[in-house]
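Read through the structure below, which is laid out as structure tokens, and then see the notes.
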There are 2 protein chains.
Amino acid sequence: MRLVVARCSARYTGRLTAHLPLATRLLVVKADGSVLLHSDGGSYKPLNWMSPPCTMSAAEPDEESAARGVTAVWTVQHQKSDDRLEIDLYDVVHDSDHDLGVDPGLVKDGVEAHLQELLAAQIELLGTGHSLVRREYMTAIGPVDILARDADGGTVAVEIKRRGEIDGVEQLTRYLELLNRDPLLSPVRGVFAAQEIKPQARVLAGDRGIDCLVLDYDAMRGVDDPDSRLF
Amino acid sequence: MRLVVARCSARYTGRLTAHLPLATRLLVVKADGSVLLHSDGGSYKPLNWMSPPCTMSAAEPDEESAARGVTAVWTVQHQKSDDRLEIDLYDVVHDSDHDLGVDPGLVKDGVEAHLQELLAAQIELLGTGHSLVRREYMTAIGPVDILARDADGGTVAVEIKRRGEIDGVEQLTRYLELLNRDPLLSPVRGVFAAQEIKPQARVLAGDRGIDCLVLDYDAMRGVDDPDSRLF
DNA sequence: ATGTAGATGTCGGGA
DNA sequence: TCCCGACGTCTACAT
């Protein structure tokens, strides 16, 4: 990812035609060639941008542009359409490059969050004698949904999904690997809990010594939700 | 505008609950306090963000977090709702601050509107003997871009787009259906005019008995625009 | 302030 | 791949 802060102007042609007058802005060039042009306010939407797949090429300004003070011209061309973004750079205030690597991406906890609450409140669904240690137990690679103790005092890490698939088992495996390095917690047992667990995920979990727990959302709500107990 | 590149994890609670596992990302803090969290790919949408009005406060990590390697905790709180974004920063790779000033903002060049003006002024591009009835001819379902008469006195409805795609043909079809119910106008012929017409749209138009007209914007401006006639 | 339609919408899922 | 619907939609404009 390349970060440039510069006085610049820009033109965009594609679904519409538009231009940006001269001002100081942040230019972000991502690893996939996409470009964002941000001002110091507004929302998360850039003033102007080019989505991937696209290619960015920097060129010397022509004589006329150079005379106006342009130091570089960036052309960002979309690869599948004729969308094109041209940026004239004037004074460059900042220019740096960073290797960010791949991003695991956002994890949305919608129904998942509710399942987590319910299971935390009904922790004995894990087995008689279980007790809750903590929800969203923080680790360096993200929060473990539920940490609990079983009847024998052993630690249990629970990963909760709406639909239990292979990647959820992988996630729990990573957590277990990390948690088991902590002598205060080890040995940590894993429980993969979901409303529905795919056969492949169940097989993989079994292979990893991870228990599977199918959660009955409605039944759990029925126990916990006052609205469902009115009768 | 503050730019930080750092390994970080984040949690968002508000309309939904979500979290970002540990990874290296770009953090942008804008002058209005809004915060963007970008990965090195994807489109212009950040992985996570907080829109203004909001306040960002940085704090020391608690003991437990510090033990995990957290060097700072940012809390971004929306001012009108209980939306909240919490960011744990680990290794900070880059941190810089820049004064960008106010931005004049994006100027959209209404090419479609301009094309309509130009075609109205050069209505014979539809064919010899055509005359303009009206621009923005109002109907119950919206304005028809141009209504004209051909050499034989027949009515012609023109839909103008910069890029001619299927939905434009559908739109014109709806207008034609409506206009053809009017005995004073019927039969009404349709013309789909655009700078560029996609093959699918051309096929659909043909199927509906709608003529296609490719507009040469530069040539039309050359005829009409005094700035281009100076020589 | 509030509701509604458009967006360079973006993004994900299913056929 | 295209099509369709949801979105932390956002945004401007109308009332």
Side-chain angles (χ1 to χ4, degrees), chain A residues 10-20 30 32 34-39 41-54 76-87 103 105-113 161-163 165 167 196 198, chain B residues 10-20 30 32 34-39 41-54 76-87 103 105-113 141-143 161-168 170-171 174 194-196 198-201 203-204:
Chain A
R11 295 164 298 292
Y12 165 76
T13 54
R15 324 258 191 110
L16 61 77
T17 308
H19 71 271
L20 278 171
K30 294 195 176 188
D32 54 13
S34 58
V35 176
L36 318 183
L37 250 153
H38 268 282
S39 65
S43 66
Y44 66 72
K45 192 178 177 182
L47 292 164
N48 223 322
W49 72 92
M50 186 62 65
S51 306
C54 63
V76 191
Q77 174 70 53
H78 197 270
Q79 279 168 18
K80 294 189 173 178
S81 71
D82 52 359
D83 282 32
R84 171 194 283 260
L85 176 62
E86 289 172 336
I87 307 168
D103 200 287
L106 186 70
V107 183
K108 295 187 180 180
D109 323 325
V111 175
E112 190 181 318
K161 292 286 179 205
R162 210 169 72 69
R163 284 188 306 183
E165 300 183 24
D167 58 349
E196 166 201 354
K198 293 283 162 79
Chain B
R11 294 163 299 292
Y12 165 76
T13 53
R15 324 267 185 103
L16 61 77
T17 308
H19 72 268
L20 279 172
K30 294 195 176 188
D32 54 13
S34 58
V35 175
L36 317 183
L37 249 153
H38 269 280
S39 67
S43 67
Y44 67 70
K45 194 177 178 183
L47 292 165
N48 226 323
W49 72 93
M50 187 62 66
S51 307
C54 63
V76 192
Q77 175 71 54
H78 197 270
Q79 279 169 18
K80 293 188 174 178
S81 71
D82 52 0
D83 282 31
R84 171 194 284 262
L85 177 63
E86 288 173 336
I87 308 168
D103 200 287
L106 186 69
V107 182
K108 295 186 181 184
D109 308 334
V111 172
E112 189 178 322
I141 55 171
K161 292 285 178 205
R162 215 177 88 63
R163 280 194 202 178
E165 299 184 23
I166 281 185
D167 58 343
E170 296 287 7
Q171 194 180 342
R174 289 193 297 273
Q195 272 188 283
E196 173 200 351
K198 292 282 161 77
Q200 291 177 330
V203 169
L204 183 64

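Lettering of chains follows the sequences in order, A, B, ..., and the numbering in each one begins at 1. Not measured: the values here are computed from a predicted model.
For the pair A:D83 CG and C:dT8 C1', the computed distance is 7 Å after rounding to whole Å.
In this structure A:L16 satisfies the side chain to side chain contact (heavy atoms under 4.5 Å, CB included) test together with A:Y12, A:A18, B:K108, sequence neighbours excluded. Judged as a side-chain hydrogen bond (donor to acceptor under 3.5 Å, both in side chains), and not counting sequence neighbours, B:E196 has no contacts. The salt bridge (charged side-chain N to carboxylate O under 4.0 Å, His left out) search around A:D82 returns B:R163, not counting sequence neighbours. For B:K161, the salt bridge (charged side-chain N to carboxylate O under 4.0 Å, His left out) partners are B:E159, not counting sequence neighbours. Listed by chain and residue number, A:T13, A:T75, A:Q77, A:E86 satisfy the side chain to side chain contact (heavy atoms under 4.5 Å, CB included) test with A:R84 (two or more places apart in sequence, or in another chain). The side chain to side chain contact (heavy atoms under 4.5 Å, CB included) search around A:S34 returns A:K30, A:D32, A:P52, A:C54, not counting sequence neighbours. Taking B:V203 as the reference, nothing meets the side chain to side chain contact (heavy atoms under 4.5 Å, CB included) condition, with sequence neighbours excluded. Scored by the salt bridge (charged side-chain N to carboxylate O under 4.0 Å, His left out) test, A:K45 finds no partners at all (sequence neighbours excluded). With sequence neighbours excluded, the residues satisfying side-chain hydrogen bond (donor to acceptor under 3.5 Å, both in side chains) with B:S51 are B:W49.
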Which atoms of nucleotides 10-15 of chain C (N or O only) lie under 3.5 Å from a protein N or O atom, and what are those distances?
{"from": "C:dT10", "atom 1": "O3'", "to": "B:S43", "atom 2": "OG", "distance (Å)": "2.7"}
{"from": "C:dC11", "atom 1": "OP1", "to": "B:S43", "atom 2": "OG", "distance (Å)": "2.5"}
{"from": "C:dC11", "atom 1": "OP2", "to": "B:S43", "atom 2": "OG", "distance (Å)": "2.9"}

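The heavy-atom pair separating A:L47 from A:H38 by the smallest distance is CD1-C, 4.3 Å.
Among the heavy atoms of the strands lying under 4.0 Å from B:L106 is at least one base atom, whether or not backbone atoms are also near. At a threshold of 4.0 angstrom between heavy atoms, the contacts of A:K80 are confined to the sugar-phosphate backbone, with no base atom among them.
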Point to revise | Base-pairing string, 5' to 3', of DNA chain C - Watson-Crick or wobble, under 3.5 Å, | interstrand | key: |||||||.|||||||

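A distance of about 22 Å separates the P atoms of D:dG8 and C:dG6, rounded to the whole Å.
For DNA chain D, the span of nucleotides reached by chain A at under 4.0 Å from its heavy atoms goes, 5' to 3', from D:dT1 to D:dT11.
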